[in-house]
Asks: 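Let me give you the structure first, and then I'll get to my questions.
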Amino acid sequence: MALTVKAIAESINIMGKRSGAAMRERIQGPIQEMAREETEAGASYLDLNIGPARKDGIELMPWMVETVQNTLATPLCLDTTNTAAMIAGFQVVKNKTAAIMNSISAQPERMEKLIPAAAEAGCNVIALLWGPEGMPRDSNERAAMAVDLMMALNGAGIPNEKILFDPIGTPITLGADQIASGLEFMMMLQEIAPGSGSTVGLSNVSNGVAEHLRKYLDRTYLIMLMKYGISTAIVNAYDKELMAICRGERQDLVDMVHGMMDGDDPDSSALTGTALEHYKTYKVLSGQAVFSESWLTL
Ligand code: THG
């Protein structure tokens, strides 16, 4: 059986050109159009990211939820750092048990406010491995944070099957060590939290890289995460190749990259096209080659 990954489509967000303007001006059409496009591209969930929305979050998030669910039944993933907006949004979600709360981090005030709200909604939750001191430094700190979050969530009646751990992808421009420790955490996750799911915002890895090159990093990174059973990923649903990987339709590439993770080193002079792209990108993401923006042409 081919490995598959459920896609959480990321493009409806306050930073986006089309979606951001529509959100600020409360125009439903463009948001409903994007929701349809992402759904048709194969998204399992639609992320609705309003950012911190300090001024109007408690009004904007419910408006977003209603805008989308009035035209489509695709499960929603509510994404905001504003806890009051998150709670207000969930109050109007129709299918709460299918929805995702994005996210609860290991910061005490976020846990206190959002865990009871998630328990009451019966929704899925993304447990973001981000603590009071920011990003965990290695896989052990990620594991410790995951245990804290799991205990608090389980204690409120939220089972592991409803939790998606997010080890947080880090930009390749900061080096490959943090990427390796995120993957190491993914390898340990089923021992730490049996039955839980996982997610990663793939584009974090290509943050700061020239726009036309980002998709290559995101695609290969997803395949690397699939080796450790990632269950969902936050993706650009407009990238058809990435969506094909999510559906399990690029088994040849998956086999090659997973083989390299097990120590194979295929003869690159025999590779062409997408196989060569993934080969070169794996070398960079695994730290075997130094990252520069010419990595695909070297
Ligand atoms: N983990 C979790 N949630 C997250 C993230 C994560 N939510 C936010 C973010 N990271 C994932 N969402 C996005 C949304 C858009 C983009 C990247 C990540 C993005 N957009 C393009 C840009 O800004 O250039 C295109 C914008 C446009 O539409 O024009 O890169 O890691 N749990």
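As the structure lists them, so they are numbered: ligands from 1, and atoms in each ligand from 1. For this chain, numbers begin at 1 and follow the sequence in order.
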Asks: Could you tell me which non-hydrogen atom of Ile12 sits nearest to which non-hydrogen atom of Met34, and how far apart they are?
Replies: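 The answer is CG1-CB, 4.0 Å.
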Asks: When you measure from atom 17 (C) of ligand 1 to the protein, is at least one non-hydrogen atom found at a distance under 4.0 Å?
Replies: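 Under the 4.0 Å cut-off, atom 17 (C) of ligand 1 does have protein heavy-atom neighbours.
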Asks: Do any non-hydrogen protein atoms sit less than 4.0 Å from atom 13 (C) of ligand 1?
Replies: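 Yes, there is one.
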Asks: Ignoring hydrogens, tell whether any protein atom lies closer than 4.0 Å to atom 20 (N) of ligand 1; use the non-hydrogen atoms only.
Replies: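 No.
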Asks: For ligand 1, find out whether one of its N or O atoms is nearer than 3.5 Å to an N or O atom of Asp79.
Replies: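 Yes.
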Asks: Does Asn204 reach ligand 1 with a nitrogen or oxygen that is under 3.5 Å from one of the ligand's nitrogen or oxygen atoms?
Replies: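 Between Asn204 and ligand 1 (N or O atoms, distance only) the closest approach is under 3.5 Å.
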Asks: Looking only at distances, please establish whether an N/O atom of ligand 1 is found under 3.5 Å from an N/O atom of Asp166.
Replies: yes
Asks: Each residue besides Tyr45 in its hydrophobic cluster should be listed here, by chain and number; the cluster joins Ile, Leu, Val, Met, Phe, Trp and Tyr at side-chain heavy-atom distances under 4.5 Å.
Replies: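 Reading the cluster by chain and number, Tyr45 sits alongside Ile8, Ile100, Ile126, Leu164, Ile234.
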Asks: What protein heavy atom lies closest to atom 5 (C) of ligand 1? Include the residue and the distance to one decimal.
Replies: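 I find the closest protein heavy atom is Ile234 CD1, 4.2 Å.
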Asks: Considering only protein heavy atoms, determine whether one is less than 4.0 Å from atom 3 (N) of ligand 1.
Replies: yes
Asks: So is there a nitrogen or oxygen of Asn102 less than 3.5 Å from a nitrogen or oxygen in ligand 1?
Replies: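 It does: an N or O of Asn102 is found under 3.5 Å from an N or O of ligand 1.
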Asks: Just checking, any donor-acceptor pair under 3.5 angstrom between side chains of Glu184 and Ser139?
Replies: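 Side chains of Glu184 and Ser139: pair found under 3.5 Å.
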Asks: In this structure, are over 12 heavy atoms from other groups packed under 6.0 Å from Asp138 atom CG?
Replies: yes
Asks: Are Asn236 and Asp218 linked by a side-chain donor-acceptor pair shorter than 3.5 Å?
Replies: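 The criterion, which ignores hydrogens and geometry beyond distance, is not satisfied for Asp218 and Asn236.
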Asks: Got a protein heavy atom sitting under 4.0 Å from atom 9 (C) of ligand 1?
Replies: no
